[in-house]
Amino acid sequence: MDFIDLKAQQKRIKKQLDANIQKVLAHGQYIMGPEVAKLEEKLASYVGARHAIGCASGTDALMMALMALGVGPGDAVFTSTFTFFATAEVIVLLGATPVFVDIDAATFNIDPRKLDLAVTALKERDSSIYPIPACLRRDGAPDEPLTPKVILPVDLFGLPADYDEIFPIASKHGLWVVEDAAQSFGAEYKGKKTCVFGSVSCTSFFPAKPLGCYGDGGMCFTDDDNLAAIMRSLRVHGQGSDKYENVRIGINGRLDTLQAAILLAKFDIFPKEIELRRHVAARYTSLLASRDFPVAPHVPEGVKSAWAQYSVLAKDAAHRAALQKQLMDHGIPTAIYYPKPLHLQSALAGLGYRAGDFPVSEDISRRIFSLPMHPYLKPSVQARIIKIGTEPYLYP
Ligand SMILES: *Cc1c(COP(=O)(O)O)cnc(C)c1O
């Protein structure tokens, strides 16, 4: 059994895929060919954004968004500690400082109440209000205080963050919002598609994401004409009106024409696939409803997940290990997203966070695991997964 079955999808779109790829081979415009603009137009209209800017990965999308907002040394970017490493990595690459915030125990997304505390703690340099990086504490190194600049919420596992709670905090403190929608393309929050909640919103086309290509790819979305123009320039080495005129420092961040052609074929069936994902998730949830463990994911009112992952909670680390082994012994793969919150990663040790700073994320990281999830998972297979994954007599 595959954790994500990409072959079932490929079978359904093989003809269109082959035709689209052949078209690129025939016209030969491998860099910024017509498929890139066509995809940008389709996806912008799907999410309801004015501009879409295709780029080389979700990581580059985040990087370009922060660069366009002028994020750099001396700036603080508030984000979740329970996310993929790239979310914080780009902040550090730009010389800015990630300021972590714990998650809500039910949604696994940034906890707005704690976000407000984190911004206040940073402004006051007072870690008794909320944990902040060591260099920002009054008792820490005598660095210049940082400027709070951006809130970077993550729509984890496909579930949109709580934007109605986040926006008032952003305006109260004068912060930009950049949405990390790498996992949530196709999700909805109160009637709107994701990828429109940030001044810039970023998604990824990594193969395992809801809309994945056959390699790396990503996209930035914005309604702001000026930010769009800056990002279009950033993705081609900061080019000006001419290819050999450089007006800013940028990156080689383009989306390959071939990947755009593949995504165009995949996008044809994407809205249908999102529906199928919702059926798969609903079946898992109803199969789990009569049991105490593992705990099914919670979806708040008015929100529709894109179900990048179906992540459940075991009682504790030992229980999780037992459940995963039991499933593996029956050929059912599972995965842990994420075993270690970012504030405990050695690459970010310089921030000076400690174990215990973000107790919800630390607890969830010990108990969470994800079940096989893709649009073509059959009800009978799901029933078997839940049966094996909940057989009590094998528990420790
Ligand atoms: C996948 C992912 C990224 C990075 O996307 P890539 O396309 O792999 O560079 C960033 N943030 C989150 C939350 C992700 O899941």
Side-chain angles (χ1 to χ4, degrees), residues 1-5 8 82 102-111 155-162 183-184 186-190 208 210 272-339 359-396:
M1 188 186 305
D2 292 319
F3 186 67
I4 299 176
D5 186 353
F82 194 66
D102 210 348
I103 53 169
D104 179 279
T107 64
F108 312 136
N109 280 329
I110 196 165
D111 183 331
D155 304 332
L156 202 74
F157 305 142
L159 187 77
D162 196 352
Q183 303 181 5
S184 69
E188 286 176 37
Y189 181 85
K190 311 209 170 156
K272 173 84 184 140
E273 285 192 341
I274 283 287
E275 278 310 304
L276 293 174
R277 281 177 187 274
R278 291 194 180 125
H279 293 315
V280 170
R283 285 201 299 265
Y284 268 145
T285 300
S286 76
L287 286 162
L288 285 170
S290 57
R291 341 233 171 194
D292 290 340
F293 286 99
V295 182
H298 171 72
V299 178
E301 268 299 303
V303 181
K304 288 184 185 173
S305 179
W307 296 108
Q309 301 295 341
Y310 190 90
S311 303
V312 298
L313 291 177
K315 259 177 255 181
D316 52 36
H319 184 223
R320 174 175 71 183
L323 292 182
Q324 285 193 286
K325 179 172 185 308
Q326 197 161 290
L327 287 159
M328 201 50 201
D329 287 347
H330 289 81
I332 299 165
T334 57
I336 300 178
Y337 304 109
Y338 295 93
V360 179
S361 297
E362 291 172 29
D363 173 55
I364 300 289
S365 70
R366 288 188 282 263
R367 296 163 55 205
I368 202 160
F369 67 106
S370 304
L371 301 177
M373 181 73 212
H374 58 81
Y376 307 105
L377 206 51
K378 293 199 178 79
S380 58
V381 175
Q382 288 189 270
R384 183 166 165 264
I385 291 169
I386 296 303
K387 181 170 179 294
I388 292 162
T390 55
E391 274 173 5
Y393 53 88
L394 292 175
Y395 291 177

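Everything quoted here is computed from the prediction, not taken from an experiment.
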For [X] and [Y], which heavy atoms make the closest approach, and how far apart are they?
| X | Y | result |
| --- | --- | --- |
| P359 | D102 | N-OD2, 3.2 Å |
| S365 | R320 | O-NH1, 2.8 Å |
| L156 | Q183 | C-OE1, 3.5 Å |
| S370 | F3 | O-CE1, 3.3 Å |
| M1 | P372 | SD-CG, 4.0 Å |
| R277 | M373 | O-CE, 3.4 Å |

Validation row: [X], [Y] side chains within 4.5 angstrom (heavy atoms):
| X | Y | answer |
| --- | --- | --- |
| L288 | V312 | yes |
| K387 | H330 | no |
| I368 | Y337 | no |
| P294 | T390 | yes |

| message | So for atom CG, which belongs to D292, do other residues, nucleotides or ligands contribute more than 12 heavy atoms lying within a distance under 6.0 Å? | response | no
| query | Quick one: OH on Y189 to CG on D155, what's the gap to the nearest 0.5 Å? | reply |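 Going from OH on Y189 over to CG on D155, the span is 10.5 Å.
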| Going from CD1 on I274 to NZ on K272, what distance comes out if it is rounded to the nearest 0.5 angstrom? |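 Rounded to the nearest 0.5 Å, the CD1-NZ separation comes out at 12.5 Å.
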Side-chain donor-acceptor distances from residues 296-306 under 3.5 Å, at least two apart:
from: S305; atom 1: OG; to: G158; atom 2: O; distance (Å): 3.3
from: S305; atom 1: OG; to: W307; atom 2: N; distance (Å): 2.9

| Short side-chain donor-acceptor distance under 3.5 Å, Y338 and S361 |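 No.
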Under 3.5 Å donor-acceptor pairs involving side-chain atoms of residues 374-382, not counting sequence neighbours:
from: H374; atom 1: ND1; to: Y376; atom 2: N; distance (Å): 3.1
from: H374; atom 1: ND1; to: L377; atom 2: N; distance (Å): 3.4
from: Y376; atom 1: OH; to: E273; atom 2: OE2; distance (Å): 2.6
from: Q382; atom 1: OE1; to: R283; atom 2: NE; distance (Å): 2.6
from: Q382; atom 1: OE1; to: R283; atom 2: NH2; distance (Å): 2.9
from: Q382; atom 1: NE2; to: V280; atom 2: O; distance (Å): 2.8

| Check: D316 main-chain N/O paired with R366 side-chain donor or acceptor under 3.5 Å | no
| query | Any donor-acceptor pair under 3.5 Å linking the side chain of Q326 with the backbone of I388? | reply | yes
Residue that, paired with [X], satisfies side chain to side chain contact (heavy atoms under 4.5 Å, CB included) out of [options]:
| X | options | answer |
| --- | --- | --- |
| F108 | V360, L159, L313 | L313 |
| F82 | N109, I364, I110, D104 | I364 |
| T334 | L323, L371, I385 | L371 |

| said: Check this for me, if you would: do E275 and R278 make a salt bridge, where the nitrogen-to-carboxylate-oxygen distance has to be below 4.0 angstrom? | reply: yes
